[in-house]
Amino acid sequence: MRKMIATFCIAGMVLGCTSCGNTKQPDATQQTTQVQVTLEEIHTAVKDAYGDNYLPQMAYEAEQFETFFGISSDLYEEFIAESPMMSAHVDTFVAIKAKEGKGEEVEQLLQTYQDNLLNNSLQYPMNLGKVEGATLYRNGDYVFYFILGGYPDDVDEIDSQKAKELNQTAVDAIEGLLGKAES
């Protein structure tokens with residue numbers, strides 16, 4: 001009987017020790033906080049950053065989005081895409097939360113869209129610099145494409161360099177929420 005009790009005690013101690021070894025408590029340096037940001041929060045931050053110079057107002061539905069940008073629904077969890085109501089303007093905002101690991105593929109498809117826009121479409125002369133200065137930006141599986149900034153009164157002509165400067169406002173707003181993208 002003593003042997004049986006001793007065996008149970010030893011077995012209990014062994015199980016207790018192995019179970020203690022498997023429940024590792026993370027220390028403060030190992031804990032990371034994953035910030036969850038919705039595309040709507042990002043969209044609002046970008047719109048707020050531009051104020052009256054945010055021109056996109058017409059939202060794309062999923063079918064239009066796939067047709068226009070070439071990105072199928074199996075590549076993303078959600079998207080927001082807008083363009084202006086007036087065809088004379090090119091301001092565009094596209095935000096995509098790609099499915100895990102699909103960010104690079106979505107980025108490549110948006111690059112193809114940009115290349116086609118530059119090479120195969122006619123642009124109003126006032127828009128050419130804005131189209132050439134479009135920004136394609138990826139932060140993990142979040143992928144963005146934008147031509148933003150409206151047509152500021154203090155600028156005579158928007159060349160590609162000025163367009164990139166105008167788009168930096170959106171990059172700054174996005175990085176304010178998601179953090180700076182790793183290069």
Is D141 reaching over with its side chain to a backbone N or O of G103, donor-acceptor style, under 3.5 angstrom? yes
So, for G133 and N167, which heavy atoms are closest and what is the spacing to 0.1 Å? O-ND2, 2.9 Å
Residue list, salt bridge (charged side-chain N to carboxylate O under 4.0 Å, His left out) with E105, at least two apart or on another chain: K102
Within the structure provided, determine whether L110 and I96 are in side-chain contact (heavy-atom separation under 4.5 Å). yes
Min side-chain heavy-atom separation V46-H43 under 4.5 Å: no
Looking at side-chain heavy atoms only, is the closest gap between Y113 and V94 below 4.5 Å? no
For residues E41 and V37, report the shortest heavy-atom separation together with the two atoms involved. OE1-CA, 3.4 Å
Does some side-chain heavy atom of E66 sit less than 4.5 Å from a side-chain heavy atom of F79? no
Pair F146-Y50, ring pair (Phe, Tyr, Trp, His ring centres under 6.0 Å): steps then yes or no: CA-CA 13 Å; F146 36 80; Y50 285 100; 8.0 Å; no
Considering all heavy atoms of both residues, which atom of M85 and which atom of M58 are nearest to each other, and what is their separation? CG-CB, 4.2 Å
Rounded distance [0.5 Å steps], NE2 in H89 versus CD in Q57: 9.5 Å
T169 OG1 to I174 CD1 distance, which is reported to the nearest 0.5 Å: 11.0 Å
How far apart are the closest heavy atoms of I158 and K130, and which atoms are they? CG2-CG, 3.5 Å
In terms of heavy-atom contacts, L177 and A45 come closest through CD1-CB, 3.7 Å
When the ring centroid of Y60 is compared with that of F69, is the distance short of 6.0 Å? yes
Is the side chain of Q114 donor-acceptor paired with the backbone N or O of V131 at a distance under 3.5 Å, no angle test? yes
Quick check: closest heavy atoms across Q64 and A59, and the distance to 0.1 Å? OE1-O, 4.0 Å
Can you tell if the side chain of Y151 reaches within under 4.5 Å of the side chain of L55, non-hydrogen atoms only? yes
Counting N and O atoms only, with roles assigned by atom type, does the side chain of D91 sit under 3.5 Å from a partner on the main chain of Y54, one being a donor and the other an acceptor? no
Would you say the side chain of L75 lies within less than 4.5 Å of the side chain of L109, judging by non-hydrogen atoms? yes
Residue set satisfying side chain to side chain contact (heavy atoms under 4.5 Å, CB included) with S160, at least two apart, ordered chain then number -> E132
Indicate yes or no: at least one non-hydrogen side-chain atom of L178 is less than 4.5 angstrom from one of F144. yes
Could you grab the distance from atom CD of E107 to atom OG1 of T112, nearest 0.5 Å is fine? 10.5 Å
Note, L148 side chain near P56 side chain (heavy atom, < 4.5 Å): yes
Can V143 be reached from F68 by stepping across I, L, V, M, F, W or Y side chains whose heavy atoms are under 4.5 Å apart? yes
